[in-house]
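Computed from heavy atoms alone, side chains included, the values below leave out hydrogens, waters and symmetry copies.
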Amino acid sequence: METEIEFANECVLLNSLRRSDSQWIIKVLLIQCGVVKEFKNKINQGLRWTLIFVDEEGTKMQAILFTDQVNMWKEHLEQGSIYYIINGRINDRKPNFQSVHKEFEIVHTCILVKVNASIGDGNRKRREIALMNERCDRQTVTLWGEIAEKDGDMLQNMIFEKPIVVLCNVKGTTYRGNFVISTTHVSSVMINPSFEKAIALQNWHNRMKLQDKDITLMPSRLIKNARKVKIGDITHADSFDNTKDTYRKFNTKIKYIINKDDPWYLSCNKCYKKVSLVDNIATCPRCGSNVEYEERYLLKLELFDEKEHCYITLFEATKYLLGCDVKTYVRSISQKKEESKYYRKLVSSKDKEFTFLVKLDPRIGGDRTGRSLIAEELHEVGKVDAIEIEDDEIKAAKTIKKIKQIEEENDASINHKRIKIEKD
DNA sequence: CCCCCCCC
């Protein structure tokens, strides 16, 4: 295969290959296949295919195939397989473009729990997914460009099996106080890979499934660690400190379910605003007509905690109350809603006590009368506290203890060797 | 020989 390889950094060039080498062979794992794209400029036109490989030392490199090579290889190369590349052309790394190899590389191994619809076209195409780890922390990831197109579609088709997803060379950004991970042009996505951490997570997930536990309904570390308050502490607060600690939880009864018959709406995929349907054409008040849309939960509740009452809105969090995703719910009530176990669960939640998690918005202060809160998460009272909290301090202490133990063992073995040598 | 920091 004749191909162009852009190396990540010069070390690789020195260690395993030199640009001047005319004959070489390298063993690589294909970790990311792009989408075959057509290109056209003043001089050339044809097909382009971007691949990302990793060698046995863990160094990543990008390879580009052009028209003839694309046609020759497109049916044969497979993500996750091992190949030998023989005698490719090696280019220097181009400083204006992203390097495949990062000085700091974060690898995320998580369970896929949600895939949103994709938005936009070409390089602007994006698709949000949600991942979860063994501590039930949710993490939103935005897939971009070819990864949104190819891997995103693959993930959407697999969402019901909740595969393990590994992300390499992704970047983190903060938007409105939320940490969001985004893919870049050098990111790679692996689905159900066979390395230790991924298998351990898969085993954990299998154990949960055997206990009939849906991990997407389990209390997250966020709600476990959130500061516990009364409703009045939130509704009567003049303003909120602009700190990182913006989550609060409170226990309260559901006094009234305001829209129990239609706890969802048709939402614009791009901006989440409610679309209106006329002759099957959806119009979004913000994005215009003929937009893509899907059902989205929206449940409004009135709460009462003996002292205060307030209104709260549940979007995605409705799932915690009903136990299923919105599409399953809508399907379940399409015939006789009284026969839907999810509908019955919704109705029976009235007068029950729940722990609600809300996020404080530092921009909103003062008079909040009439303004409803938005729930991030909720569980029946007792379910949150029942689970043992292993906070970071305890974990850190354990790690230190472990390290000391290992050091002592090493010391002992070193001493033992010394003794042995002396005896000899 | 191609192409790059996007969006709510």
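Considering only side-chain atoms of A:Q62, the nucleotide from B:dC8, B:dC4, B:dC1 that sits closest is B:dC4. Among the nucleotides B:dC8, B:dC2, B:dC1, the one closest to any side-chain atom of A:C271 is B:dC8. For A:W144, counting side-chain heavy atoms from C-beta on, the closest listed nucleotide (B:dC3, B:dC6, B:dC2) is B:dC6. Nearest to the side-chain atoms of A:F97 among the listed nucleotides B:dC4, B:dC1, B:dC8 stands B:dC4. Residue A:K171 places its side chain closer to B:dC5 than to any other of B:dC3, B:dC2, B:dC5.
Taking atom CZ of residue A:F66 and atom P of nucleotide B:dC1, one finds them 7 Å apart after rounding to whole Å. Taking atom NZ of residue A:K42 and atom C1' of nucleotide B:dC2, one finds them 15 Å apart after rounding to whole Å. Computed from coordinates, the A:I119 CD1 to B:dC6 C1' distance equals 12 Å when rounded to whole Å. Rounded to whole Å, atom P of B:dC5 lies 16 Å from atom CZ of A:R126. Between the CD atom of A:E38 and the C1' atom of B:dC1 there is a distance of 15 Å, rounded to whole Å. For the pair A:F39 CZ and B:dC3 P, the computed distance is 8 Å after rounding to whole Å. For the pair A:Q98 CD and B:dC4 P, the computed distance is 11 Å after rounding to whole Å. The CG atom of A:N123 sits 9 Å away from the P atom of B:dC3 (whole-angstrom rounding).
Within the 4.0 angstrom heavy-atom criterion, no nucleotide atom of any strand lies near A:T173. When heavy atoms are screened at a 4.0 angstrom cut-off, A:Y272 is found touching no nucleic acid atom at all.
Side-chain atoms of A:N169 and A:S187 form no donor-acceptor pair, as typed in the model, at a separation below 3.5 Å. For the residue pair A:Q98 / A:K171, no side-chain donor-acceptor distance below 3.5 Å is found, with atom types taken as modelled. With hydrogens and angles left out, the side-chain atoms of A:N133 and A:Q139 include no donor and acceptor closer than 3.5 Å. Side-chain contact of A:T50 with A:E146: a donor-acceptor pair under 3.5 Å is absent, judged by distance alone.
Geometric assessment of A:K255 against the ring of A:F304 yields a positive cation-pi assignment under the 6.0 Å and 45° thresholds.
Contact annotation: A:R48 side-chain N/O to B:dC1 OP1/OP2 distance is not under 4.0 Å. Taking 4.0 angstrom as the limit, A:N41 places none of its side-chain polar atoms (N or O) nearer than this to OP1 or OP2 of B:dC1.
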